[in-house]
Amino acid sequence: MGLLRIMMPPKLQLLAVLTFGVAMLFLENQIQKLEESKGKLERAIARHEVREIEQRHSIDGIRPDTMLDEDEDILIIYNRVPKTASTSFTNIAYDLCAKNKYHVLHINTTKNNPVMSLQDQMRFVKNVSSWREMKPGFYHGHISYLDFAKFGVKKKPIYINVIRDPIERLVSYYYFLRFGDDYRPGLRRRKQGDKKTFDECVAAGGSDCAPEKLWLQIPFFCGHSSECWNVGSRWALDQAKYNLVNEYFLVGVTEELEDFIMLLEAALPRFFRGATELYRSGKKSHLRKTTEKKAPSKETTAKLQQSDIWKMENEFYEFALEQFQFVRAHAVREKDGELYILAQNFFYEKIYPKLN
């Protein structure tokens, strides 16, 4: 190519460069059109599937004005944080939905943007709250916490989530963008071709491994307020803690995912009956493994731990872990190295007035 450039007259070189540039712009435009067409096709297929389900419910004799049973009028929202074993857990929900008779729906946001516009927030809240054909429903997607009460909805959904050690999560995400995983190995990733290790990235001060990239689990739990996404905000950390305790039914940790699943099965059998055995059987256990992932060195870890952002994200992780272990300690007992769910430990007495 260099030899051809030397042999070509300057005008022809310029013409070749311009032609190449026009060709690249044309290809990019075509790729964008294909992506838009793909999105339209996916939405059309989704609408068709919804219509089929609604028609099936109509044939089965479900009337719009019929009150749903309390066990049926349930929504679970899993606003999954990326790279926290969310795919492994979600696939358990998919495996159980036919058997346990509920619906699973993925919330697909443009470019996985976790912040919805105000109008989309209203659409989403009103839609899932009134979508009778999809109840009971399990919704999952990479979206930040959304307060349904803010939009005038009386019955809130049940929020659940899983979080992970912040550095381990960032390392996993770093390699995922470059090498993908064993779930969809043929899919081209955004940073594919970049062979730089996480250690090398941190040493070079790269943007993909900067401490600011740790700021994700706090805003996911904090929500849609602007301050939630202000990196290093103490208010956002406090709000995330408040929401975790007051707005989430259960928050587990990646490192103890089996115990999280066991507690969900005990507390919400309508959805998770059979989940623990399914997880233990190995069929979906650790389903998605990031390829070529290398553990960071002690020096890299120590460097990241010096940042205030890591300290805040780690404080939130430790807070969530403490809450989870507290819930678990009051729900299970250990025997011969195995955990067992406690039976009901309360009853009613002194009931008045007495029935004749």
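Sequential numbering from 1 along the given sequence is applied to the chain's residues.
- Counting only distance, with no hydrogens or angles, the side chain of D165 and the backbone of E168 share a donor-acceptor pair below 3.5 Å.
- Put simply, W235 and V115 are part of two different groups of oily side chains (I, L, V, M, F, W, Y) that touch within less than 4.5 Å, one to the next.
- When the shell of 6.0 Å around NZ of K154 is examined, it contains 12 or fewer heavy atoms from other residues, nucleotides or ligands.
- To the nearest 0.5 Å, atoms SG (C228) and CH2 (W215) are separated by 9.0 Å.
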>> Go through it in stages, so that I can follow the logic: the residues are Y279 and E277, the test is side chain to side chain contact (heavy atoms under 4.5 Å, CB included), and I'd like the CA-CA distance, side-chain angles, deciding distance and then a yes or no.
In response: CA-CA 5 Å; Y279 183 84; E277 182 56 35; over 6 Å; no
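- To the nearest 0.5 Å, atoms CG (L304) and NZ (K311) are separated by 12.5 Å.
- One distance of note links CH2 of W131 with CG of L75; it measures 11.0 Å at 0.5 Å rounding.
- Annotation: cation-pi pair K126/F124 absent, no NZ/CZ under 6.0 Å from the ring centroid and within 45° of its normal.
- M262 places a side-chain heavy atom less than 4.5 Å from the side chain of R280.
- In this structure, the side chains of F272 and I76 come closer than 4.5 Å at one or more pairs of heavy atoms.
- Contact detail for A267 and F249: the closest heavy-atom pair is CB-CZ, 3.6 Å.
- Hydrophobic clustering places I341 together with L250 (ILVMFWY residues linked when any side-chain heavy atoms are closer than 4.5 Å, directly or through intermediates).
- The NE2 atom of H224 sits 9.5 Å away from the CG atom of L118 when rounded to the nearest 0.5 Å.
- At least one donor-acceptor pair under 3.5 Å links the side chain of Q121 to the backbone N or O of M116.
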>> What verdict does the side chain to side chain contact (heavy atoms under 4.5 Å, CB included) test give for E256 and Q325, after you've listed the backbone C-alpha separation in whole Å, the side-chain angles of each residue and the deciding distance to 0.1 Å?
In response: CA-CA 10 Å; E256 299 175 14; Q325 290 176 341; 3.6 Å; yes
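- Side chain of R328 to main chain of F260: no donor-acceptor pair is present (N/O by atom type, distance under 3.5 Å, no hydrogens or angles).
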>> Please determine whether salt bridge (charged side-chain N to carboxylate O under 4.0 Å, His left out) holds for the pair R270 and E72, giving the CA-CA distance in whole Å, both sets of side-chain angles, and the decisive distance to 0.1 Å.
In response: CA-CA 9 Å; R270 177 68 182 79; E72 303 301 303; 3.2 Å; yes
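- Side-chain contact between F89 and I261: present, with at least one pair of heavy atoms (C-beta onward) separated by less than 4.5 Å.
- Judged purely by atom type and a 3.5 angstrom limit, S144 uses its side chain to pair as donor or acceptor with the backbone of P114.
- In this structure, V128 and K135 approach most closely via the heavy-atom pair O-CE, 3.7 Å.
- For the pair S233 and E227, the tightest heavy-atom approach, listed with the atom from each and the gap, is OG-OE2, 2.8 Å.
- Open room surrounds CD on E322; 12 or fewer heavy atoms of other groups in view lie less than 6.0 Å from it.
- Side chains of I160 and F138 form a contact here, defined as non-hydrogen atoms less than 4.5 Å apart.
- Side chain of E313 to main chain of I218: a donor-acceptor pair is present (N/O by atom type, distance under 3.5 Å, no hydrogens or angles).
- Residue Y145 is tested with F220, F221, Y159 for a ring-ring contact (aromatic ring centres under 6.0 Å, His included); the sole match is Y159.
- Within the 4.5 Å cutoff, the side chain of I167 has heavy atoms near those of the Q305 side chain.
- The hydrophobic clustering, which links ILVMFWY residues whose side-chain heavy atoms are closer than 4.5 Å, places F346 and I351 together.
- Under 4.0 Å is where a charged nitrogen must lie from a carboxylate oxygen, and between K294 and E200 no such pair does.
- Relative to the ring axis of F176, K83 places its NZ or CZ within 45° and under 6.0 Å from the centre.
- Counting heavy atoms from C-beta on, the side chains of E212 and I309 come closer than 4.5 Å.
- Scanning all heavy atoms of the two residues, the minimum distance from C222 to N243 falls at O-ND2, 3.1 Å.
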> Hey, mind stepping through K196 and Y174 against side chain to side chain contact (heavy atoms under 4.5 Å, CB included) and telling me if it holds?
Replying inline: CA-CA 10 Å; K196 188 182 296 181; Y174 177 88; 3.8 Å; yes
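- Within the 4.5 Å cutoff, side-chain heavy atoms of H142 are placed close to those of S86.
- A donor-acceptor pair is defined here as one N or O able to donate and one able to accept, closer than 3.5 Å; no such pair exists between the side chain of S172 and the backbone of R169.
- Note that CG of L257 and CD1 of I92 are 6.5 Å apart. Values are rounded to the nearest 0.5 Å.
- When atom types are taken as modelled, the side chain of H140 and the backbone of R80 share no donor-acceptor pair closer than 3.5 angstrom.
- The structure places CD of Q323 at 10.0 Å from NZ of K241, a figure rounded to the nearest 0.5 Å.
- With hydrogens and angles ignored, the 3.5 Å screen pairs no side-chain donor or acceptor of N161 with any backbone N or O of V251.
- Within 6.0 Å of CG in N246 there are more than 12 heavy atoms belonging to other residues, nucleotides or ligands.
- Of the candidates L321, L237, D238, L237 is the only one forming a side-chain contact (heavy atoms from CB on, under 4.5 Å) with F316.
- With hydrogens and angles ignored, the 3.5 Å screen pairs no side-chain donor or acceptor of K156 with any backbone N or O of D147.
- Pairing each heavy atom of L170 with each of A210, the nearest pair is CD2-O, 4.2 Å.
- No single ILVMFWY cluster, assembled from side-chain heavy atoms under 4.5 Å apart, contains both Y242 and I158.
- By the rule that hydrophobic residues join a cluster once side-chain heavy atoms approach within less than 4.5 Å of another member, L263 and Y340 end up as members of separate clusters.
- Nearest heavy-atom pair, I107 versus Y139, reported as atom, atom and distance to 0.1 Å: CD1-CB, 3.9 Å.
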> Given the rule in the side chain to side chain contact (heavy atoms under 4.5 Å, CB included) test, do D259 and F324 qualify, once you have shown the distances and angles that lead to the verdict?
Replying inline: CA-CA 10 Å; D259 294 355; F324 176 70; 3.9 Å; yes
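- With W229 contributing its side chain and L216 its backbone, the two residues share no donor-acceptor pair below 3.5 Å.
- For the pair F198 and D208, the minimum side-chain heavy-atom distance is 4.5 Å or more.
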